[in-house]
Amino acid sequence: MPGSMSSAGDDPGAQDAAESNDRLDGLIEANRPVALAIGEHAASIAVLGHGGISVPVGDLAGVVSRGEVVGPRWVWWSNDTAASLLDLDVRVARCWDLSAVHRLLVGGWTSTPDRVWAHTRGLDLDGIPTVQPVDLFHQSDDHDPDEPIRVDGYLHPDWSGGSWASRTSRVARWAELALDVQQFQEVALDDVAAEPHPGAARTREHLRSTALSESAAELMCAELAHDGLPFDRSVGERIVAGFVGPRPRDAAEEVIRLEELDATVLGQLPPGTTFDLRRPDQVKSLLRRVGIEVPDTRAWRLEALRDAHPIVEPLLAWRRAERIRTTFGYHWIDEHVDADGRLRGEWHGSDGAAGRMTATAGLHNMPAEMRPAVLAEPGHRFVRADLGQIEPRVLAAVSADRQLIRAAREDDMYAPVAARLGVERSVAKVAVLGAMYGQTTGIGAEALRGLEREYPVAMGYLRRADEAAQGGHDLRTYGGRRIRMSGATAVTMSAGDVRSRAAARGRYGRNAMVQGAAAEFFKTWAALIRARGRQLGVEFVLCLHDELIAHVADEHAEATALLFTECLAETAQRWGPQDGDPVRFVADTSVIGCWADAK
DNA sequence: TGCGGCTATTG
DNA sequence: CACAATAGCCGCAG
């Protein structure tokens with residue numbers, strides 16, 4: 001495809017492309033960001049901003065893959081553009097994702113162009129216009145269809161909605177707007193840097209680095225969705241069969257299979273007795289029949305009653321089988337494992353309360369029993385690493401608690417904490433986790449007092465977040481992510497009195513500061529590996545909050561494992577507080593052929 | 001058909 | 001059964 005860039009002749013498109021190429025070189029050399037937008041109709045046109053440089057899409061691959069080496073940093077509205085490029089088999093090195101940076105700076109879940117734009121103009125989000133149904137009496141709209149901005153400053157809903165890209169000039173305008181927003185976001189990062197952060201100094205460099213790694217995370221999401229997780233269908237089906245039997249050939253056979261499964265439990269009862277095992281209240285009645293009284297029928301509760309009656313054991317086994325049958329069974333495999341042996345789901349780069357990555361299709365909650373089906377392809381290996389004790393280490397970093405940073409020098413940082421507190425390691429661990437989750441009951445009072453005494457800086461950081469959240473004040477993580485506490489629907493909570501709701505908000509805010517910063521650290525680490533692992537052909541196939549799995553050719557597996565470790569050290573060096581010793585981060589790294597072989 | 005309750009899995 | 005997430009099935013209201 002690069003060859004098409006230089007095709008001469010009197011084709012005006014080719015001439016434009018050659019000229020564009022030169023101008024793009026200039027931008028790359030000047031290290032300027034370049035906006036990229038792709039028209040919706042079969043990706044008919046790509047347009048680069050800054051002076052309206054436009055490149056026909058046939059030549060895009062040549063431009064972009066050349067850009068991998070030096071740059072540029074591609075600016076786009078969202079990773080939809082990255083997904084379009086992947087469909088064209090184009091992978092870029094780096095980007096600035098307006099949607100991701102908007103969610104970082106503003107918080108919340110939605111970051112559609114209309115909202116992103118309105119925010120740059122300080123406009124009320126409630127006033128964002130929506131697409132109006134065609135009105136026969138007001139057809140003569142004086143709005144210029146080539147102009148995306150309305151007189152009231154809002155983005156025209158036609159543009160935000162996606163029916164804008166039918167003409168080249170509009171795609172160019174769209175790219176220009178993207179550059180405007182990017183400039184706004186650069187300034188917004190300065191504003192955030194000026195806000196106080198009660199802990200490690202939150203510099204502009206750190207915030208900008210977070211904006212870049214959050215952008216990279218979106219890029220990774222597009223790639224994860226595109227590439228999928230290697231999954232051996234036949235192994236997966238064998239595992240399913242082990243729980244629920246062979247795949248039923250028709251509906252009638254499925255009914256028989258269900259009855260067989262139910263009979264493993266109901267067979268323990270007098271003949272003729274029947275309960276609907278899928279209804280918790282019926283299960284409760286069943287247990288009462290055999291003399292067991294429980295407030296609910298959750299597995300952990302029944303686990304303790306294994307010996308109380310012989311029906312408990314088969315009931316627990318039935319639950320596991322039912323879980324596989326309904327959620328991770330044949331239907332799940334059919335739905336999400338494609339013909340090329342890849343399990344694919346949707347990925348989001350910063351979802352939820354604190355900006356963790358999320359995934360659908362069971363990629364983040366697949367039962368461990370299914371892991372034998374996650375197999376590297378022939379000639380390939382998985383390189384897998386998980387970060388050890390990531391949350392307490394992140395707490396040490398963001399709060400800049402010197403004593404906790406000292407504890408993080410150890411592979412197991414709960415050991416020195418336990419020593420200082422004068423308690424068992426297990427007690428220290430529960431206490432530290434409890435402090436980060438906001439647990440108040442069930443922790444030894446002695447351990448709690450010890451934490452306050454020995455790590456007052458870290459504890460104060462958490463308490464401060466808790467109190468601010470309870471007061472309905474928004475928070476900002478170390479990396480600058482805004483945690484919205486003001487919105488009425490920002491937190492969904494079970495019904496309760498005012499005090500318990502406030503306490504729940506406090507726990508939410510307290511935890512978001514740690515979990516959110518941990519997510520930022522993880523993405524920074526992963527983005528660095530992605531950038532450095534290009535020559536090795538490193539392909540990420542799973543990101544799991546603190547665990548990263550790459551798929552790589554055999555001959556590069558060891559080098560990739562080394563890269564994981566080196567990138568971790570570099571991330572730790574640059575990510576945390578810069579005055580004093582860096583916080584130590586540790587990872588357990590392995591080269592494996594199957595996910596089940598980990599650890 | 002949408003929603004809350006209950007359950008189970010993951011980090 | 002703390003913090004976060006996805007996702008299934010159930011009964012019930014509309």
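Chain identifiers are assigned alphabetically (A, B, ...) following the order of the sequence lines, protein sequences preceding nucleic acid strands; residue numbering begins at 1 within each chain. Every value quoted in this text rests on a predicted model; they were computed, and no experiment measured them.
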What is the distance from [atom1] of [X] to [atom2] of [N], rounded to the nearest Å?
{"X": "A/Leu277", "N": "C/dC9", "atom1": "CG", "atom2": "C1'", "value": "13 Å"}
{"X": "A/Asp276", "N": "C/dC10", "atom1": "CG", "atom2": "P", "value": "7 Å"}
{"X": "A/Leu258", "N": "C/dC9", "atom1": "CG", "atom2": "P", "value": "11 Å"}
{"X": "A/Lys284", "N": "C/dG11", "atom1": "NZ", "atom2": "P", "value": "15 Å"}
{"X": "A/Leu542", "N": "B/dG11", "atom1": "CG", "atom2": "P", "value": "10 Å"}
{"X": "A/Asp262", "N": "C/dC9", "atom1": "CG", "atom2": "C1'", "value": "14 Å"}
{"X": "A/Leu363", "N": "C/dA4", "atom1": "CG", "atom2": "P", "value": "22 Å"}
{"X": "A/Gln282", "N": "C/dC9", "atom1": "CD", "atom2": "C1'", "value": "14 Å"}

(message) At less than 3.5 Å, do the side-chain atoms of A/Asn365 and the base atoms of B/dT10 form a donor-acceptor pair?
(response)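 For A/Asn365, whose side chain was compared with the base of B/dT10, there is no donor-acceptor pair (under 3.5 Å).
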(request) Could you pick out which residue, A/Ala299 or A/Ala359, lies toward the 5' side of DNA chain C when each is mapped onto its nearest nucleotide? (result)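 Result of the comparison: A/Ala299.
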(message) Regarding A/Arg103 and A/Ser99, do their side chains bring together a donor and an acceptor under 3.5 Å, going by distance alone?
(response)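 Yes - a donor-acceptor pair under 3.5 Å links their side chains.
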When all nucleic acid strands are considered with a 4.0 Å heavy-atom cut-off, which category describes [X]: base, sugar-phosphate, or nothing?
{"X": "A/Thr297", "answer": "sugar-phosphate"}
{"X": "A/Met366", "answer": "sugar-phosphate"}
{"X": "A/Asp296", "answer": "sugar-phosphate"}
{"X": "A/Arg298", "answer": "base"}
{"X": "A/Ala354", "answer": "nothing"}
{"X": "A/Arg278", "answer": "sugar-phosphate"}

Compare the minimum distances between each of [options] and the side chain of [X], then state the nucleotide with the smallest one.
{"X": "A/Pro280", "options": "B/dT7, B/dG11, C/dC10", "value": "B/dT7"}
{"X": "A/His545", "options": "C/dC10, C/dA4, B/dG11", "value": "B/dG11"}
{"X": "A/Gln515", "options": "C/dA4, C/dT6, B/dT7", "value": "C/dA4"}
{"X": "A/Arg507", "options": "B/dG11, C/dC3, B/dT9", "value": "C/dC3"}
{"X": "A/Arg319", "options": "C/dC3, C/dC10, B/dT7", "value": "B/dT7"}

(message) Quick check for you: to the nearest 0.5 Å, what is the distance between A/Trp109 atom CH2 and A/Asp351 atom CG?
(response)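 One gets 8.0 Å once the value is rounded to the nearest 0.5 Å.
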(message) One pair to check against side-chain hydrogen bond (donor to acceptor under 3.5 Å, both in side chains): A/Ser399 and A/Asp401. What are the steps and the verdict?
(response) CA-CA 5 Å; A/Ser399 67; A/Asp401 185 312; 5.0 Å; no
(message) Quick check on A/Glu253: does its CD atom have over 12 non-hydrogen neighbours (other residues, nucleotides or ligands) under 6.0 Å away?
(response)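 More than 12 heavy atoms, drawn from other residues, nucleotides or ligands, come within 6.0 Å of this atom.
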(request) Under the side-chain hydrogen bond (donor to acceptor under 3.5 Å, both in side chains) rule, collect the residues that match up with A/Thr477, sequence neighbours excluded. (result)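 For A/Thr477, the residues satisfying side-chain hydrogen bond (donor to acceptor under 3.5 Å, both in side chains) (neighbours in sequence not counted) are A/Glu520.
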(message) Is it the case that the ring center of A/Phe522 lies less than 6.0 angstrom away from the ring center of A/His545?
(response)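 Judged by ring-centre distance (under 6.0 Å), A/His545 and A/Phe522 do not meet the cut-off.
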(message) Is it the case that the ring center of A/Phe521 lies less than 6.0 angstrom away from the ring center of A/Phe585?
(response)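 Under 6.0 Å, so yes.
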(message) Taking A/Arg384 first and then A/Asp588, would you say they form a salt bridge - that is, a charged N and a carboxylate O separated by under 4.0 Å?
(response)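 The answer is yes: the pair qualifies as a salt bridge.
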(message) Check this one for me: any side-chain N or O of A/Arg356 less than 4.0 Å away from OP1 or OP2 of B/dG11?
(response)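 For A/Arg356, the contact criterion (side-chain N or O under 4.0 Å from OP1 or OP2 of B/dG11) is not met.
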(request) Can you sort out which residues in residues 321-349 of chain A have a heavy atom within less than 4.0 Å of DNA chain C? Ascending by number, please. (result)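 Heavy-atom cutoff 4.0 Å gives A/Thr326, A/Thr327.
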